[in-house]
Amino acid sequence: MAVDLSFRTSPLSEEIRDEGSVEGRAESLLTALELRGVRLTPEARERIDACRDAETLRTWLTRAMTADSPEDVFTEE
C-alpha cells in the first residue's frame with residue numbers, strides 16, 4: 001500500500017517546520033540564558049520572542065553560551 005507523502009514537501013509543511021525550528025531555538029536560547037544565570041529584561045525577552053529568523057536565533061544561542069548579560073547576546077561584533 002502506497003502512502004502519500006506529498007504533504008511533507010508542500011510549502012505549508014515547510015512553513016510549519018520552519019516555525020517549529022524558530023520556536024525551538026528561541027526556547028533553547030531562553031533556557032541557556034536561564035541556566036547561565038543571565039537575567040533578562042522584559043525588553044530582551046520580547047526581542048527573543050519576536051525574532052522569527054532562525055539564523056539570528058542561532059547566533060544569539062551561540063553567544064549565550066558565554067554571555068554574562070543580555071547585551072553580550074545581542075551586541076554585534
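Counting only residues at least two apart or in different chains, salt bridge (Lys or Arg N to Asp or Glu O under 4.0 Å) contacts with residues 28-51 comprise Arg36-Asp68. For residues 26-48, there are no ring pair (Phe, Tyr, Trp, His ring centres under 6.0 Å) pairs, not counting sequence neighbours. Screening residues 25-69 for ring pair (Phe, Tyr, Trp, His ring centres under 6.0 Å) gives Trp60-Phe74 as the qualifying pairs, with residues at least two apart or on separate chains.
Judged by distance alone, with hydrogens and angles left aside, the side-chain atoms of Arg63 form a donor-acceptor pair with the main-chain N or O of Thr75 at under 3.5 Å. For the pair Thr56 (side chain) and Arg52 (backbone), a donor-acceptor distance under 3.5 Å is absent.
Thr62 meets the side chain to side chain contact (heavy atoms under 4.5 Å, CB included) test with no other residue; sequence neighbours excluded. Partners of Ser28 by side chain to side chain donor-acceptor pair (under 3.5 Å), not counting sequence neighbours: none found. Here Glu71 pairs with Ser69 under the side chain to side chain donor-acceptor pair (under 3.5 Å) rule; sequence neighbours left out. The side chain to side chain contact (heavy atoms under 4.5 Å, CB included) search around Ala26 returns Ile48, Leu57, not counting sequence neighbours.
Of all heavy-atom pairs between Val73 and Ala64, the closest is CG2-CA, 4.0 Å.
Taking OG1 of Thr31 as the start and CD of Glu27 as the end, the distance is 4.5 Å to the nearest 0.5 Å.
A continuous path of Ile, Leu, Val, Met, Phe, Trp and Tyr side chains, each step under 4.5 Å between heavy atoms, connects Leu29 with Met65, placing both in one hydrophobic cluster.
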